[in-house]
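Heads up: the structure comes next, in structure tokens.
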Amino acid sequence: MAKLIKDRAVVEDQWLLVRDAIERNFLEALDGQNVIVPLQVWLSQREAVSTRKGRTGVWLQSHELPQSIAEDLPSLEVIALEFPIFSDGRAYSSARELRENLGYKGELRAIGDVLCDQLFYMSRCGFNAFAMRPDQNLEIATLRFEDFKDGYQASVDKPIPLFRRRGG
Amino acid sequence: MYQYDEYDHQMLADRIAQFRDQTARFLSGELAPAEFLPLRLQNGLYVQRLAPMLRIAIPYGMLSSKQLRKLAYIADHFDKGYGHFTTRQNIQFNWPAIADVPDILAHLAEVEMHAIQTSGNCIRNTTTDQFAGSAANEIEDSRPYCEIIRQWSTFHPEFAYLPRKFKIAVCGTQDDQAATQVHDIGLFIVRNDEGETGFRVLAGGGLGRTPVIGKEIRAFLPKQHLLSYLDAILRVYNREGRRDNKYKARIKILVKETGVDNFREKVEKEWRKLKDGPLTLTDSEFQRCKRFFHDPAYKHFGPQSPALEKALNTDVLFSNWYEQNVSVHKKPGYGIVTICLKKTGVAPGDLTSAQMNFVADLAERYSFGELRVSHEQNLILADVEKDALHSLWRELKSQDLHAPNLGLLTDIICCPGGDFCSLANAKSIPIAEAIQRRFDDAERLRQIGKLSVNISGCMNACGHHHVGNIGILGVDKKGAEFYQISLGGSAENTTALGDIIGPSFAQEDVPEVMDKLIGVFERHKLADERFVDTYRRIGMTPFKEDIYGKAD
């Protein structure tokens with residue numbers, strides 16, 4: 001079973017990421033498994049996906065907006081946001097949108113080109129799980145959460161910006 | 001000026017440790033070049049034609065004597081004894097070794113300086129008027145707001161991987177000296193009818209290959225909402241800016257393609273989610289930041305300065321310099337001195353380490369230990385007693401730093417160009433020098449009057465050629481370096497983009513062409529008319545006909 005970083009620890013991944021859903025009856029083949037399905041599958045087959053055995057998550061490509069699943073958030077245990085390449089920064093905004101504006105409380109997972117040098121900013125924006133690119137060393141990656149002791153901005157990890165905490 | 005507290009120091013220390021680790025992993029081969037690239041860029045490190053280049057931020061142009069001495073130290077110990085001031089209130093060193101950069105950053109941190117986000121697709125150094133706080137025509141000092149923006153933008157976790165670079169300028173004076181309208185966001189400090197301070201917000205300005213003047217998206221933003229509104233603009237841009245084509249990725253293209261009204265609505269919609277939240281700036285934060293920019297201990301002088309009057313009447317060279325390089329100060333008895341780094345034969349904006357140490361001493365003795373850097377690539381002593389101007393000038397003269405050409409034809413804004421930069425299509429420094437040599441008569445320069453000449457070695461427009469009264473752009477013509485000339489640009493309140501005069505010119509012809517352009521101007525100018533005003537009045541045709549001959 002693949003490993004990932006969740007809440008700063010290296011753990012076994014309990015979820016299966018369904019990249020494509022080309023097969024007509026792919027859902028039956030995955031019966032009983034915990035799956036993260038593409039947004040388009042979720043939107044078109046919500047009923048079938050959520051009534052099958054096994055838990056359900058949804059993943060979004062970087063151009064897909066989290067508002068499209070705003071109503072479904074309570075029923076989703078995992079939302080994964082894809083970084084097609086690490087330099088595509090759209091998911092940072094999506095993450096904050098999910099956490100701060102839509103009130104999503106479940107697992108928020110970074111998938112795709114997820115590298116250790118971006119973990120600190122990702123975690124500030126509300127990601128708490130990281131399915132790292134296979135060549136990344138997970139144990140070393142967990143150290144990256146300590147890169148900075150503080151930050152100036154208001155963000156998910158510290159909703160009160162530094163200027164309000166500084167005092168005096 | 002701003003003083004770091006333990007939070008600021010800690011963040012800088014953390015950053016250096018992080019970059020030291022990243023550099024080590026890159027040098028050992030563990031970190032791929034493509035993955036190191038944005039990390040090093042966000043620490044100001046480019047890899048250029050001949051060597052790496054390190055770009056250090058001079059936030060909103062403020063520099064202390066201590067900091068300038070540190071820059072001199074870095075120039076001596078890690079570079080070739082000089083530095084280059086850029087058009088965005090940064091300084092560049094052209095010859096550091098990659099492995100030395102973490103140490104250089106540690107040296108900078110000792111004097112509360114850094115190279116954070118001076119490059120890369122992130123929010124860059126915030127710039128402002130180089131006379132802020134001392135200008136006679138100021139609405140409000142922009143620097144406290146600039147510092148608030150500096151902190152907000154530094155390590156912003158959401159906006160480190162934008163579609164493209166992002167530049168913010170703030171203008172607090174009546175006469176914009178910061179080219180504010182050609183920034184991704186331009187903020188003009190304004191007062192509403194109730195006398196409250198806020199910002200007129202422009203978005204979507206920029207130069208580069210598609211020059212655009214920013215569009216107003218808000219006439220009045222109350223100051224306490226500054227950060228939430230900036231967050232909203234950046235979020236719209238981060239989500240919707242184009243990522244499929246590097247040349248269409250700046251916010252100006254998004255604003256253009258979305259339409260300014262539509263774009264404004266998107267920003268307002270995002271802003272409503274953030275407005276009145278924790279990002280709302282507090283009075284105590286404004287007070288805290290303003291404290292760092294209180295007036296220095298000015299003495300009280302009358303309107304007259306007999307010492308100055310006497311020197312002006314007896315020393316004509318000093319008098320010429322005074323007329324050109326000393327600007328009106330808000331306090332009686334003080335002047336704002338610009339040290340023009342545009343001496344013929346020296347690359348515009350370059351300063352040696354010896355000169356840095358020298359100017360640092362002058363700042364200490366004449367101007368409360370502080371300096372400014374302007375986007376015109378000059379240095380400013382913002383608070384000099386008028387009585388001391390003559391003696392300051394003599395000292396500047398002793399080090400050849402007394403070029404009396406501020407705002408004149410030879411005060412050329414110029415990028416490093418093909419001599420250093422790997423992006424350039426053509427050289428720019430030799431063009432500047434050839435023009436300076438052609439116009440080396442101080443009296444003639446004064447007669448020509450106020451005229452900005454801006455040179456860029458490529459489309460990226462680091463030399464702001466679009467907004468030069470005369471703009472010169474290096475282009476590649478079948479492998480040869482040619483120069484396209486535009487007229488009528490301006491970076492002032494009446495910001496305008498220049499019009500291209502016609503087919504480009506070979507390098508050796510540029511001084512001759514300049515001569516002809518000035519000739520046309522001199523034949524048509526009325527009284528004290530400036531070049532740009534004459535151009536606006538008579539249009540392109542007379543210039544074109546003189547250069548290319550009359551069309552049949």
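Source: prediction; values computed, not measured. In what follows, every chain begins at residue 1, and chains take the letters A, B, ... in the order their sequences are listed.
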Original post:
Heavy-atom distance under 4.5 Å to chain B: side chain of A:Ser94, backbone, both or neither?
Top reply: both
Original post:
Can you say whether B:Leu39 sits under 4.5 Å from chain A via the side chain, the backbone, both, or neither, judging by heavy atoms?
Top reply: side chain
**OP:** Report, as yes or no, whether the 6.0 Å neighbourhood of atom CD on B:Glu6 holds more than 12 heavy atoms from other residues, nucleotides or ligands.
**Re:** yes
**OP:** Determine the interplanar angle of the B:Phe155 and A:Phe148 rings, folded into 0 to 90°, and report it as parallel if under 30°, tilted if 30 to 60°, perpendicular if over 60°.
**Re:** tilted
**OP:** Mind ranking B:Arg15, B:Arg239, B:Arg235 by heavy-atom pairs under 4.5 Å with chain A and telling me who comes out on top?
**Re:** B:Arg239
Subject >> Heavy-atom pairs under 4.5 Å with chain B, option from A:Gln153, A:Gln118, A:Arg164, A:Arg124 with the top count >> reply: A:Gln153
Original post:
Do A:Asp88 and B:Arg243 come within less than 4.5 Å of each other through their side chains, counting heavy atoms only?
Top reply: yes
Original post:
So, do A:Cys116 and B:Arg25 sit near enough that their side-chain heavy atoms are less than 4.5 Å apart?
Top reply: yes
Original post:
For B:Lys248, does the NZ atom have more than 12 heavy-atom neighbours from other residues, nucleotides or ligands under 6.0 Å away?
Top reply: no
Subject >> Region of A:Asn101 in contact with chain B, defined by heavy-atom distances below 4.5 Å >> reply: side chain
Original post:
Which atoms of B:Ser228 come close to chain A, meaning under 4.5 Å heavy atom to heavy atom: side chain ones, backbone ones, both, or neither?
Top reply: neither
Original post:
Between A:Phe163, A:Tyr92, A:Phe120, which shows the greatest number of heavy-atom pairs under 4.5 Å with chain B?
Top reply: A:Phe163
**OP:** Flag the one option from B:Glu285, B:Gln18, B:Gln151 with the top tally of heavy-atom pairs under 4.5 Å to chain A.
**Re:** B:Gln151
Original post:
Between atom NE2 of B:His156 and atom OH of A:Tyr152, what is the distance when rounded to the nearest 0.5 Å?
Top reply: 13.5 Å
**OP:** Could you look at B:Glu158 and say if it's the side chain, the backbone, both or neither that has a heavy atom under 4.5 Å from chain A?
**Re:** both
Original post:
Given a strict heavy-atom distance threshold of 4.5 Å, which part of A:Leu162 is in contact with chain B: side chain, backbone, both, or neither?
Top reply: side chain
Original post:
Can you say whether A:Ser155 sits under 4.5 Å from chain B via the side chain, the backbone, both, or neither, judging by heavy atoms?
Top reply: side chain
**OP:** Rounded to the nearest 0.5 Å, what's the gap from CD on A:Gln136 to CD on B:Glu35? Could you check?
**Re:** 6.5 Å
Original post:
Quick one: what part of B:Asp8 sits under 4.5 Å from any heavy atom of chain A, side chain, backbone, both or neither?
Top reply: both
Original post:
Can you find a pair of side-chain heavy atoms, one from A:Arg144 and one from B:Asp21, that are under 4.5 Å apart?
Top reply: yes
Subject >> Separation between CZ of A:Arg96 and CG of B:Asp231, rounded to the nearest 0.5 Å >> reply: 5.5 Å
**OP:** Output, in order, the C-alpha distance, side-chain angles, deciding distance and verdict of salt bridge (Lys or Arg N to Asp or Glu O under 4.0 Å) for B:Lys273 and A:Glu97.
**Re:** CA-CA 10 Å; B:Lys273 302 177 199 167; A:Glu97 177 73 28; 3.2 Å; yes
Subject >> Part of B:Ala34 lying under 4.5 Å from any heavy atom of chain A >> reply: backbone
**OP:** Could you tell me which portion of A:Glu146 (side chain, backbone, both or neither) has an atom closer than 4.5 angstrom to a non-hydrogen atom of chain B?
**Re:** neither
Original post:
What are the two closest heavy atoms between B:Pro278 and A:Pro161, and how far apart are they?
Top reply: O-CG, 3.3 Å
Subject >> Interchain contact, B:Leu31 with chain A, by part (heavy-atom threshold 4.5 Å) >> reply: side chain
Original post:
Will you find, in the side chains of A:Asp117 and B:Gln22, an N or O donor that is under 3.5 Å from an N or O acceptor?
Top reply: yes
Original post:
Out of curiosity, A:Phe83 CZ to B:Tyr161 OH, how far, rounded to the nearest 0.5 Å?
Top reply: 10.0 Å
Original post:
So does B:Gln287 have more than 12 non-hydrogen atoms from other groups sitting under 6.0 Å from CD?
Top reply: yes
**OP:** Check each atom of B:Leu281 against the heavy atoms of chain A and say whether the ones under 4.5 Å are side chain, backbone, both or neither.
**Re:** both
**OP:** Would you give the length of the straight line joining atom OG of A:Ser93 to atom OH of B:Tyr237, rounded to the nearest 0.5 angstrom?
**Re:** 12.0 Å
